[in-house]
Amino acid sequence: MVKRESYAVIGLGQFGSSICDALVQAGQEVLAIDSNEEVINEYADSVMRAVIADAQDEDALRDLDIGSFDHVYVSIGKNVEASIMVTLIAKELGAKDVICRAENVNHARVLEKIGADQVVRPEHDLAKRLVFQQLNPGVIDYVQLSKKVTLAEVNINNPKFFGKTLDELDFRNRFNVNVIIIVNADDEVNQMPQANDVIKPHDKITVVGDLKDIKKLNSIVA
């Protein structure tokens, strides 16, 4: 069961609306904040609470107890000044996890410097993801957890890997990655693979490691 947490989404443009929709579908508690009454009315019946407010008003965010939320999304992308101010206020009011949408690299740098816990650039990130997956077709999906740590799901199509145990393949020493999940052709999931588990044709493995090492692994197993 997915853990139920509290989320505040500030700014209901295209990105913020998508975040709201995904959180509601996941059964999470969502506070939606926007200065546009018409937009707020659209979400009044779907989220836990929808509020018309100027998020640059510190008193308004304090009254909404923004610091008590598990996660705060600042999705004011195009109004850079407002995005920076809201992020600063949210952190000063004690918000533990502030995720911000940035318009460009300079905007992202400023948000990081003032304390944003995570900064996303949706269009830029999507473009990188599409190009990466086209250049590395054996990688089904990946998430960059930090600058040095990536989690990726990789198809095993190389017959040289079939019928061998994880111990024999020695992914950690040969490729500098750790195998944390194996999914077989019938979509059966092994969430705690052991050294004696055998790789079978067309298994998918989830690995954790540096992105360059995952690319190297993919070039060999794909």
Side-chain angles (χ1 to χ4, degrees), residues 1-5 7 14-15 17-28 70-71 73 75 97-102 105 108 112 116-222:
M1 182 179 291
V2 176
K3 180 182 178 182
R4 189 174 174 86
E5 296 186 304
Y7 295 79
Q14 186 173 1
F15 180 69
S17 296
S18 297
I19 292 292
C20 267
D21 292 340
L23 289 171
V24 168
Q25 289 175 13
Q28 300 299 312
D70 296 312
H71 310 279
Y73 281 90
S75 53
D97 182 34
V98 179
I99 306 102
C100 303
R101 178 189 185 278
V105 65
E112 288 170 353
D117 298 281
Q118 184 179 346
V119 179
V120 296
R121 294 168 57 197
E123 295 83 0
H124 174 266
D125 295 342
L126 177 58
K128 281 180 62 179
R129 192 181 192 89
L130 288 172
V131 170
F132 178 86
Q133 289 180 316
Q134 283 185 325
L135 295 176
N136 301 274
V139 177
I140 303 162
D141 200 4
Y142 79 100
V143 177
Q144 198 154 357
L145 302 176
S146 71
K147 290 182 179 179
K148 292 188 176 181
V149 181
T150 296
L151 183 148
E153 188 177 30
V154 181
N155 263 326
I156 304 294
N157 294 323
N158 186 337
K160 291 181 179 180
F161 286 73
F162 300 162
K164 294 184 178 179
T165 66
L166 292 182
D167 186 47
E168 291 171 319
L169 293 169
D170 197 12
F171 285 94
R172 180 178 297 178
N173 290 314
R174 289 178 64 196
F175 304 106
N176 293 320
V177 300
N178 290 312
V179 178
I180 60 171
I181 296 174
I182 300 174
V183 180
N184 67 22
D186 296 322
D187 288 330
E188 295 174 340
V189 180
N190 179 353
Q191 294 185 349
M192 297 184 66
Q194 304 299 310
N196 60 352
D197 284 329
V198 175
I199 294 294
K200 300 174 183 176
H202 312 304
D203 275 356
K204 294 175 286 189
I205 60 171
T206 299
V207 298
V208 175
D210 192 291
L211 186 57
K212 65 177 174 49
D213 293 320
I214 292 172
K215 288 180 180 179
K216 179 182 175 182
L217 170 66
N218 175 66
S219 70
I220 295 170
V221 302

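For reference, positions follow the sequence shown, starting with 1.
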At what distance, to the nearest 0.5 angstrom, does CG of Asp141 lie from OG1 of Thr206?
-> 9.0 Å
Taking atom CZ of Arg172 as the centre, report whether more than 12 heavy atoms of other residues, nucleotides or ligands fall under 6.0 Å from it.
-> no
Rounded distance [0.5 Å steps], CE in Met192 versus CD1 in Ile180 = 11.5 Å
Quick one: sort the Tyr73 and Phe15 rings into parallel, tilted or perpendicular, breaks at 30° and 60°.
-> perpendicular
Residue pair Ile199 / Lys164, side-chain heavy-atom distance below 4.5 Å = no
Supply the atom-to-atom distance Leu151 CG to Glu153 CD, rounded to the nearest 0.5 angstrom.
-> 9.0 Å
Shortest non-hydrogen pair, Val119 vs Ala102, comes out as CG1-CB, 3.6 Å
Any chance you could measure Ile156, atom CD1, to Ile220, atom CD1, to the nearest 0.5 Å?
-> 10.5 Å
For Asn196 and Thr165 the tightest heavy-atom approach is O-CG2, 3.7 Å
If you look at every heavy atom in Val154 and Val221, which pair is closest and at what distance?
-> CG1-CG2, 3.5 Å
Passing option when Phe171 is tested against Val207, Asn178, Ile205 for side-chain contact (heavy atoms from CB on, under 4.5 Å) | Ile205
Looking only at heavy atoms, the pair that brings Leu166 and Gln194 closest together is CD1-O, 3.4 Å
Between atom CD1 of Ile182 and atom NZ of Lys204, what is the distance when rounded to the nearest 0.5 Å?
-> 12.5 Å
Polar side-chain atom of Asp186 near backbone of Glu188 as donor-acceptor pair, under 3.5 Å = no
Report the relative orientation of the aromatic rings in His71 and Tyr7; use parallel for angles under 30°, tilted for 30 to 60°, perpendicular for over 60°.
-> parallel
Is there a donor-acceptor pair under 3.5 Å between the side chain of Ser17 and the backbone N or O of Gln14?
-> no
Contacts of Ser18 that satisfy side chain to side chain contact (heavy atoms under 4.5 Å, CB included) - sequence neighbours left out = none
Yes or no on side-chain contact (heavy atoms from CB on, under 4.5 Å) for Asp97 and Asp70, after CA distance, side-chain angles and deciding distance?
-> CA-CA 7 Å; Asp97 182 34; Asp70 296 312; over 6 Å; no
Note, Asn155 side chain near Ile140 side chain (heavy atom, < 4.5 Å) = yes
The side chain to side chain contact (heavy atoms under 4.5 Å, CB included) partners of Val24 (sequence neighbours excluded) come to Val30, Val47
Heavy-atom pair with the smallest gap, counting every atom of Arg101 and Ser75 | CB-CA, 4.1 Å
So CG of Leu169 and NZ of Lys160: to nearest 0.5 Å the spacing works out to 12.5 Å
With sequence neighbours excluded, what pairs up with Asp117 under the salt bridge (charged side-chain N to carboxylate O under 4.0 Å, His left out) test?
-> Lys91
Please check if atom CD in Glu168 has more than 12 non-hydrogen atoms from other residues, nucleotides or ligands closer than 6.0 Å.
-> yes
Using a 4.5 Å cut-off on heavy atoms from C-beta on, say whether the side chain of Val139 contacts that of Lys215.
-> no
Smallest heavy-atom separation, Asp213 atom then Asn176 atom, equals OD2-CB, 3.5 Å
